[in-house]
Chemist: 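Please find one structure pasted underneath; my questions will follow.
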Number of protein chains: 2
Amino acid sequence: MITLTEENYIKAIYHLGKYGREMVNTNSIAEALDTKASSVTDMVKKLAEKEYLNYKKYQGVILTEKGKGIAVNIVRKHRLWEVFLVEKLNFTWDEVHEVAEHLEHIRSEKLINELDAFLEFPSYDPHGDPIPDKNGKFINIDKIALSHSEIGNVYTCVGVKDTSSHFLKYLDSNKIGLGTVIEVLHKEPFDNSVKIKFNTTEMVVSQNVAKNLFLKTV
Amino acid sequence: MITLTEENYIKAIYHLGKYGREMVNTNSIAEALDTKASSVTDMVKKLAEKEYLNYKKYQGVILTEKGKGIAVNIVRKHRLWEVFLVEKLNFTWDEVHEVAEHLEHIRSEKLINELDAFLEFPSYDPHGDPIPDKNGKFINIDKIALSHSEIGNVYTCVGVKDTSSHFLKYLDSNKIGLGTVIEVLHKEPFDNSVKIKFNTTEMVVSQNVAKNLFLKTV
DNA sequence: ACTAATTTTTAGATAAGTCTAAATTTACAT
DNA sequence: ATGTAAATTTAGACTTATCTAAAAATTAGT
Ligand SMILES: [Mn+2]
Ligand SMILES: [Mn+2]
Ligand SMILES: [Mn+2]
Ligand SMILES: [Mn+2]
């Protein structure tokens, strides 16, 4: 049996290691889970024992296939619940994450598959992140950050990197959301700010914003 | 902050003490939660300390208003989730309880109130139990067990006492459900079995069944 | 009223997950 | 290559919730 705490460690390691492809070090796990490095060491030993990951002392950890399976399933549940909250229960995209952090741990195959069907098998969550299907497969569209866009090009906003309430509310207040069509007018080398145009509005966004907004070419 | 374990104790005490009206003894709590009496003693001390209940050594416990408030809120969540599972996700009434045991601990005022609205403010759960509203108020219709019915009378089935999968499946297989109109034909004094008639079908049910089926007069 | 059975509480131990502080290993700069 | 800084692990302690076994209190039977 896997505990809630173990699930949270596995999920964090999955995200930190780029979908479980890269090794993850102790300190980054500790930071992600707001805990101490010594606690992480104890836990990764246990997770290695249970074969959710491979652990080399002082070298870091990497998820096994078994571990990745657990992680993908939690991500699936997290994102489906987020869709449910926005589509059916009038939550805004900045309110869903916190509740989904808890709902993602509810264990019922039937529950999650029926929820998937009820929502008509959505491919993306409210932040533009892809939702794994029942078999753990998901589409990964190639998106670029606004900070890596090219001047003169036109893009569609398809996701956010930072899903904090602060950032999402900032986007709301500036009328930027998923689907917004954005033209890149200018990139300021001095501070890496970007001047963009959308719906006849022109505005300058900071590097911080530019790094956290994902686009795809129209 | 209240823990998941504390919530389960409070809920059990609420049900055992008839909506928190009666004193509950240590052993019955232990049995309900499948734990040991010594564990219960430790926990009720903690719950008394936190003022969720009053505890007199060797005498048992009774919920405070604060404790009842917690309990009613958990019951509200449990029953609303059960309605959701049946109405929206194709669960049968014998499948919902287990999942609802977990969903009832998700903490979000907005979530539960929006769910309530989404389900159009249901008054009863799939087992005929009343659902408390946002303020903890709920209708308590007076229902009687089939075992206490009167020969010759006609009743409507409005609830079940035992919500175990076994009992509910037994009812399903005999085409008895909420809303079924039942006429009491005979009560056998020897074994307290009851002969009933519904939808042209006549059958004899055991005392065990008769005690767990709630009816109201038509 | 007294004894026996039952119920409840206490005492001490255990497991999970966390922490601080100290020790160890690795990485990096000269 | 060597010393220092950073990262990681170990050691020992704490908290929550549980258990077993023993002690104490209550209840019930005669
Ligand atoms: Mn999220
Ligand atoms: Mn998301
Ligand atoms: Mn239930
Ligand atoms: Mn129910």
Chemist: Can you tell me if Arg107(B) and Asn73(B) form a side-chain donor-acceptor pair at under 3.5 Å?
Modeler: no
Chemist: Does Lys45(A) have a side-chain nitrogen or oxygen under 4.0 Å from the phosphate oxygens OP1 or OP2 of dT9(D)?
Modeler: no
Chemist: Between Glu65(A) and Lys68(A) (salt bridge meaning N to carboxylate O under 4.0 Å), is one present in this structure?
Modeler: yes
Chemist: When you measure from every atom of DNA chain C, which of residues 36-43 of chain A have a heavy atom less than 4.0 Å away?
Modeler: Lys36(A), Ser38(A), Ser39(A), Asp42(A), Met43(A)
Chemist: What's the CD1-C1' distance between Ile29(B) and dT9(C), to the nearest Å?
Modeler: 14 Å
Chemist: Check the phosphate of dT8(C) against Asn27(B), side-chain N and O only, distance under 4.0 Å to OP1 or OP2. Yes or no?
Modeler: yes
Chemist: Would you jot down, in residue-number order, the residues of residues 3-18 of chain A having a non-hydrogen atom under 4.0 Å from DNA chain C?
Modeler: Thr3(A), Thr5(A), Tyr9(A)
Chemist: For Lys88(A), enumerate each residue passing the salt bridge (Lys or Arg N to Asp or Glu O under 4.0 Å) test, keeping only those at least two apart in sequence or located in another chain.
Modeler: none
Chemist: Quick one: CZ on Phe84(A) to CG on Leu89(A), what's the gap to the nearest 0.5 Å?
Modeler: 4.0 Å
Chemist: If we ignore angles and hydrogens, is there a donor and acceptor under 3.5 Å between the side chains of Ser206(B) and Asn208(B)?
Modeler: no
Chemist: Does Asn25(A) put a side-chain nitrogen or oxygen below 4.0 Å from OP1 or OP2 of dT8(D)?
Modeler: yes
Chemist: Please collect all ring pair (Phe, Tyr, Trp, His ring centres under 6.0 Å) contacts where either partner lies in residues 33-80 of chain B, sequence neighbours excluded, each pair once.
Modeler: His78(B)-His97(B)
Chemist: List in numerical order all residues of residues 48-62 of chain B for which some heavy atom is under 4.0 Å away from an atom belonging to DNA chain C.
Modeler: Tyr55(B), Lys57(B), Tyr58(B)
Chemist: Would you mind telling me which of Lys134(B), Arg79(B), Arg76(B), Lys110(B) makes a salt bridge (Lys or Arg N to Asp or Glu O under 4.0 Å) with Asp116(B)?
Modeler: Arg76(B)
Chemist: Could you check if a side-chain atom of Phe118(A) sits within less than 4.5 angstrom of a side-chain atom of Leu80(A), using non-hydrogen atoms only?
Modeler: no
Chemist: Within this structure, what is the CD-to-C1' distance between Glu31(B) and dT7(C), rounded to whole angstrom?
Modeler: 14 Å
Chemist: List the atom pairs, with distances to 0.1 Å, where a side-chain N or O of residues 19-40 of chain B and a protein N or O form a donor-acceptor pair under 3.5 Å, not counting sequence neighbours.
Modeler:
residue: Asn25(B); atom: OD1; partner: Ser28(B); partner atom: OG; Å: 2.6
residue: Ser28(B); atom: OG; partner: Asn25(B); partner atom: O; Å: 2.8

Chemist: Output yes when a side-chain donor or acceptor of Lys187(A) lies under 3.5 Å from a complementary backbone atom of Ser149(A), and no otherwise.
Modeler: yes
Chemist: With a 4.5 Å cut-off on side-chain heavy atoms, are Glu104(B) and Asn8(B) touching?
Modeler: yes
